[in-house]
Amino acid sequence: MVETKDTKKVGIIGCGAIGTLIAEAVEQKRVACDELILYDHNEKKAEKLKSYLSFPVTVVASLDEMLRFEPKVIVEAASQQAAREYVEQITAEDIDLIVMSSGALLGLNVQSSKVHVPSGAIGGLDALASAALAGIDEVLLTTRKNPKAFDLNNKEPKVVYEGRAEEAARLYPREMNVAATLALTVKPAKVRVQVVSDPAVQRNRHEFQVKWRFGEMFLCFMNDPHPENPRTSALAAWSAIKLLQLLLEK
Ligand SMILES: NC(=O)c1ccc[n+]([C@@H]2O[C@H](COP(=O)([O-])OP(=O)(O)OC[C@H]3O[C@@H](n4cnc5c(N)ncnc54)[C@H](O)[C@@H]3O)[C@@H](O)[C@H]2O)c1
C-alpha cells in the first residue's frame, strides 16, 4: 500500500539538468514538499539523483506507478515527446502538472486549468498576455546560444533558423521551448523567430521585440547555461521551482 495521507508529494518526470535542480530545491526546503517521486525512462538517472539526496525519495518505473503515490503536483522535465505522452493521463487524475517542454502543447488542444507552463528561460509573460488581449501586431524573438548548444563549432555567428515559433519548437525541441512559450502566450498573434549559433556568446540570450496596439516592448534575458546541459538555462528550472512553490501553497 502506498501511504498518501497528509503528505505532500511531488512527482518529477525527467531527472536531467532541470529535474536535478528542482529536486535540490525541494531538499533545501524551498518548497513545502514531504516526499519526491522520481521517474526517468533511464532508471539509472533517477537512482543517481536519489543517491545525492538525503530527502525522502522514491524512484518509480513508470508514470502509472507515480500516479499511485497521488502526488499533488507533477513536473514534466523530460522532453516534448514525454509531455505529449503523459499530459492527458495526468490531468485526468486532477493533478497539477508543470510542463517544461512547452513545445508539446502547441500541437495539443489542452484546456485543463491543471496544466501550467512556467515562464521558463524568459519572463514578462504577464505583460505579453495583457497586450495580447488588446491585440499584438508583431513579435520577433532572437535567440543566440553558443555553438555548443547546437552541437556546432562555427567560428562566426551563423543563423541556424528563421521562421515561425511553432516550427522552431518542432525542429529544435530541446533548444527552443522559449519560442513555444511565447507562441502560447501571445496567440493568436504569430511569433517570428531567428536562432543564431554565436561563438561570441557564453550565455543563452533570448531577446524579443513586441509591437502591440498601445505600445512596444523590448525584453532581453542573458542566462547562464546549465553546466551539464548547455541547451538549458538555470532560470528555466528556477521558474518551475517558483511555480511549484505557489502550487504547493494552494
Ligand atoms: N520552457 C523552457 O523555457 C525550457 C528551458 C529549458 C529546457 N526546457 C525543456 O525542459 C525539458 C528538460 O530539460 P533538461 O535540460 O532537464 O533536459 P535533460 O536532457 O538534461 O534531462 C531530461 C531527462 O528526461 C529523461 N527523459 C526523456 N524522455 C523521457 C520520457 N519520455 N520519460 C521519462 N523520462 C524521459 C532523460 O532520460 C533525461 O534524464 C526539455 O524538453 C527541455 O527542452 C524548457
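Ligands are counted one by one from 1 in listed order, and the atoms in each one are counted from 1 as well.
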Taking non-hydrogen atoms only, is [X] closer than 4.0 angstrom to ligand 1 via side chain, backbone, both or neither?
X	result
N177	side chain
A236	side chain
H41	both
P118	neither

Looking at ligand 1, does any of its N/O atoms fall within less than 3.5 Å of an N/O of R174?
-> yes
Please say whether I18 places an N or O atom under 3.5 Å from an N or O atom belonging to ligand 1.
-> yes
For [atom], closest protein heavy-atom neighbour:
atom	answer
atom 21 (O) of ligand 1	G16 CA, 3.2 Å
atom 37 (O) of ligand 1	D40 OD1, 2.7 Å
atom 3 (O) of ligand 1	A121 N, 3.0 Å
atom 15 (O) of ligand 1	T232 OG1, 2.5 Å
atom 32 (N) of ligand 1	Y86 OH, 3.2 Å
atom 19 (O) of ligand 1	N229 ND2, 3.7 Å

Please answer: with hydrophobic residues joined when any side-chain heavy atoms are less than 4.5 Å apart, are L182 and V117 in the same cluster?
-> no
Mark yes when over 12 heavy atoms from residues, nucleotides or ligands other than E88 sit less than 6.0 Å from its CD; otherwise mark no.
-> no
Sole residue of K9, K114, K72 in salt bridge (Lys or Arg N to Asp or Glu O under 4.0 Å) with D96 = K114
Note: [X]-[Y] ion pair, threshold 4.0 Å (strictly below):
X	Y	result
D151	R231	yes
E207	R205	yes
D224	R203	yes

Just by modelled atom types, is the V201 backbone N or O under 3.5 Å from a matching donor or acceptor in the N146 side chain?
-> yes
Side chain of N177, backbone of S102: donor and acceptor closer than 3.5 Å?
-> yes
Option whose closest heavy atom lies nearest to atom 44 (C) of ligand 1, chosen from M100, M176, R231, E175 | M100
For atom 2 (C) of ligand 1, which candidate among A240, A17, G120 holds the nearest heavy atom?
-> G120
Qualifying residue, where the test is side chain to side chain donor-acceptor pair (under 3.5 Å) with S101 and the options are R174, Q80, R84, E76 | E76
Check if P173 has a non-hydrogen atom at a distance under 4.0 Å from any atom of ligand 1.
-> yes
